[in-house]
There are 2 protein chains.
Amino acid sequence: MAVTIKDVAKAANVAPSTVSRVIADSPRISEETKRKVRKVMEELGYHPNMIARSLANQSSKAIGIIFPNSGNTAFQNPFFSEVLRGISEGVSEKHYILQFTTGRTEEEILQDVKKMVFGRVVDGMILLYSKLGDSVMKFLKEQNFPFVLVGKPFEDSEVITHVDNDNISAAKEGTEYLIRLGHRKIGFIGGDIGFMVTRNRLEGYRRALAEAGIPVNEKYLIHEEFLLEGGKEAVKELMLLDDPPTALLVIDDIMALGVLKTLSELGKKVPEDISVVSFNNVLFAELAQPPLTSVDINIFTLGIEAVKHLIQKIENPKEPVKRIIIPHRLIVRKSCQAVGR
Amino acid sequence: MAVTIKDVAKAANVAPSTVSRVIADSPRISEETKRKVRKVMEELGYHPNMIARSLANQSSKAIGIIFPNSGNTAFQNPFFSEVLRGISEGVSEKHYILQFTTGRTEEEILQDVKKMVFGRVVDGMILLYSKLGDSVMKFLKEQNFPFVLVGKPFEDSEVITHVDNDNISAAKEGTEYLIRLGHRKIGFIGGDIGFMVTRNRLEGYRRALAEAGIPVNEKYLIHEEFLLEGGKEAVKELMLLDDPPTALLVIDDIMALGVLKTLSELGKKVPEDISVVSFNNVLFAELAQPPLTSVDINIFTLGIEAVKHLIQKIENPKEPVKRIIIPHRLIVRKSCQAVGR
DNA sequence: TTGTAGGCGTTATCAA
DNA sequence: TTGATAACGCCTACAA
């Protein structure tokens, strides 16, 4: 058994509570005692048992991260690696610890979350997605457990602290860029329509077209759940249309990579034959062939802000609900060209 | 305050210990009592406090994951996302929970690890890298704390359970493939030589050349720490040699993407002007332009096996030390060509 | 400034 | 088959 506070107390000829106070650096302990106790701690190699501390404090100093589904797409997409980097950065400063859900289905994830919440394993959670009718968020809300959402809630927006991009504008600007290049036949390739991002970006796309007086061609709208393979057939069909699009707005860089691949299989050249704008500006956007014009959404910052506000909320339950919008920016690279050039 | 075992006990007219036994589904409790107690638990909405359980059990049912350095390259590289997927999968089945280090420097990471170990926060750890003189592994060894290494130890190989690929063979085979295609001027682009993977793959490269009777040209050897940018200058120099290589063995798909980019900037075509073989066969290898010929090392399996053996070790401290080698396989795609074709 | 004692929620030992 | 009771290691009134 490891050395405990009692061992230290005994060896230093003080009471356990004194040792505890020394650890907390309480001002009510004389410098001399502190020195003495610290010396003993050092000698005995004392280290606090966090579990015991958590129990006594009713606080674990841990934060749980909820992924949409660890098994499949989630980890594949650098978006998550990148938010994680941000979160990790924030957490490390505040000396919190990170916990993960590992469930593969919504049901399993819900179980993980319940375990964390009821089990007092974490003090708060970060939800990395916003999905329609999601039981996990519903649970968190019901329990009134501290959490922040990365994304935009479907409802109760005023009650849920969330950090998000203005995805409508982001998509609108991306589309407008294409329109300025002379494109009027613009396809939209999105993910699962159950996610708020998908909807918001679609909305931005629609607005841009509307403002430009371009009618939406429903045939140009594709929704595929799978990052890479899924879009393949759909993109092919799209390109085989009598009147195929001359530009594509793709919801995600990774999906865009898949699209690029399919396009090249079809013998279509980007940007000569068709222009592509995507979102997220993940590392690979720059590395793609051609380098992708992509809307940078500051994923890292998304993560940083999420922890920041979560911790505020944890440490001060009365903290007001907040809505943080992280700026975005279109990064122009080589995947677009003026139409008919 | 949440409902505890005592509340349940009171409401069900039994002792707390009885409730505890019901939770553990002890065979020494009558079915009737179990039913009764379970009903009350249900009604009251009881959920066990994991922290308290951990304290009583002296076991947290949690596993810590150690990244080389969360701040920089680590999360960027899909290798880690992919092992994580494997780990996550394994962990979820066994109902363990995952914890992460968030430190950015070796020193910070060591602190994280100490906190987890001494704080009894995790029952075991998975170390995701093998670096020369790494203080983290040293610590784990000294403490005799259950851990498994993903990679090959620099020393004490017989004492450290590790799961790894046969990276020497992997690199040898990759190189041999290039040699079979007629290449004799083969460059090696590696990462930090402090990591075991780098050394092993370099060794495999050397052996292949030796067996083929090709002398090693030290000018063809590059070591860059940074995933993408780092290689740039070095690759340029390499290609500006009087006698530039006709093929490149790149230690990592992601780095290979960077190389591809640099090559294209130099006006060199892959595979026409130069062939490229890389390692890991991460999702993006297939998506690259051209699709990369890469040595698949079964990253997912690496993760699965790591948890599996860690948990065995945790649950049975006498478990013998193991060395698990995960098979690899060269995946031929479009980034190589016979020389002079 | 320091010590005593009770509590955090479970589990486990020992009786009954 | 069940109940009392003492841990697990730490924190914090309250006392001294």
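To find a chain, count down the sequence lines: A is the first, B the second, and so on, and within it residues start at 1.
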Residues in side-chain hydrogen bond (donor to acceptor under 3.5 Å, both in side chains) contact with Lys36(B), at least two apart in sequence or another chain: none

For a quick check of understanding: with a heavy-atom distance under 4.0 Å over all strands, which category does Asp7(A) fall into, base, sugar-phosphate or nothing? nothing

More 5' along DNA chain D: Asn57(B) or Val14(B), using each one's nearest nucleotide? Val14(B)

Phe80(A) and Tyr129(A): aromatic ring centres closer than 6.0 Å? no

dA5(C) base to Ser17(A) side chain: any donor-acceptor pair below 3.5 Å? no

Partner residues of Glu93(A) under the side-chain hydrogen bond (donor to acceptor under 3.5 Å, both in side chains) criterion, sequence neighbours left out: none

Counting N and O atoms only, with roles assigned by atom type, does the side chain of Asp192(A) sit under 3.5 Å from a partner on the main chain of Gly194(A), one being a donor and the other an acceptor? yes

Thinking salt bridges, do Asp134(B) and Lys141(B) make one under a 4.0 Å N-O criterion? no

With respect to the phosphate group of dC8(D), does any side-chain polar atom (N or O) of Thr4(A) fall under 4.0 Å of OP1 or OP2? no

Would you please name every residue forming a ring pair (Phe, Tyr, Trp, His ring centres under 6.0 Å) with Phe145(B), sequence neighbours left out? none

Should Glu42(A) and Arg38(A) count as an ion pair when the cut-off is N to O under 4.0 Å? no

Measure from NZ on Lys115(B) to C1' on dC10(D) and round the result to the nearest Å. 16 Å

Can you confirm whether the side chains of Ser60(B) and Arg120(B) place a donor and an acceptor under 3.5 Å from each other? no

Quantify the bending of the helix from dT1(C)-dA16(D) to dA16(C)-dT1(D) as the angle between its end axes, each fitted on five pairs, to 10°. 40°

Contact list please: residues 31-56 of chain B against DNA chain D, heavy atoms, distance less than 4.0 Å, in numerical order. Thr33(B), Leu55(B), Ala56(B)

Going by an N to O cut-off under 4.0 Å, is there a salt bridge joining Glu82(B) and Arg85(B)? yes

Mind checking whether Phe118(B) and Phe139(B) have ring centres under 6.0 Å apart? yes

Expressed in angstrom and rounded to an integer, what is the separation of Gln58(A) atom CD from dG6(C) atom C1'? 14 Å

d(NZ, Lys61(A); P, dC8(C)) in whole Å: 21 Å

For DNA chain D, the residues among residues 19-29 of chain B that have a non-hydrogen atom under 4.0 Å from it: Arg21(B), Arg28(B), Ile29(B)

Charged N to carboxylate O under 4.0 angstrom, Arg323(A) versus Glu158(A)? no

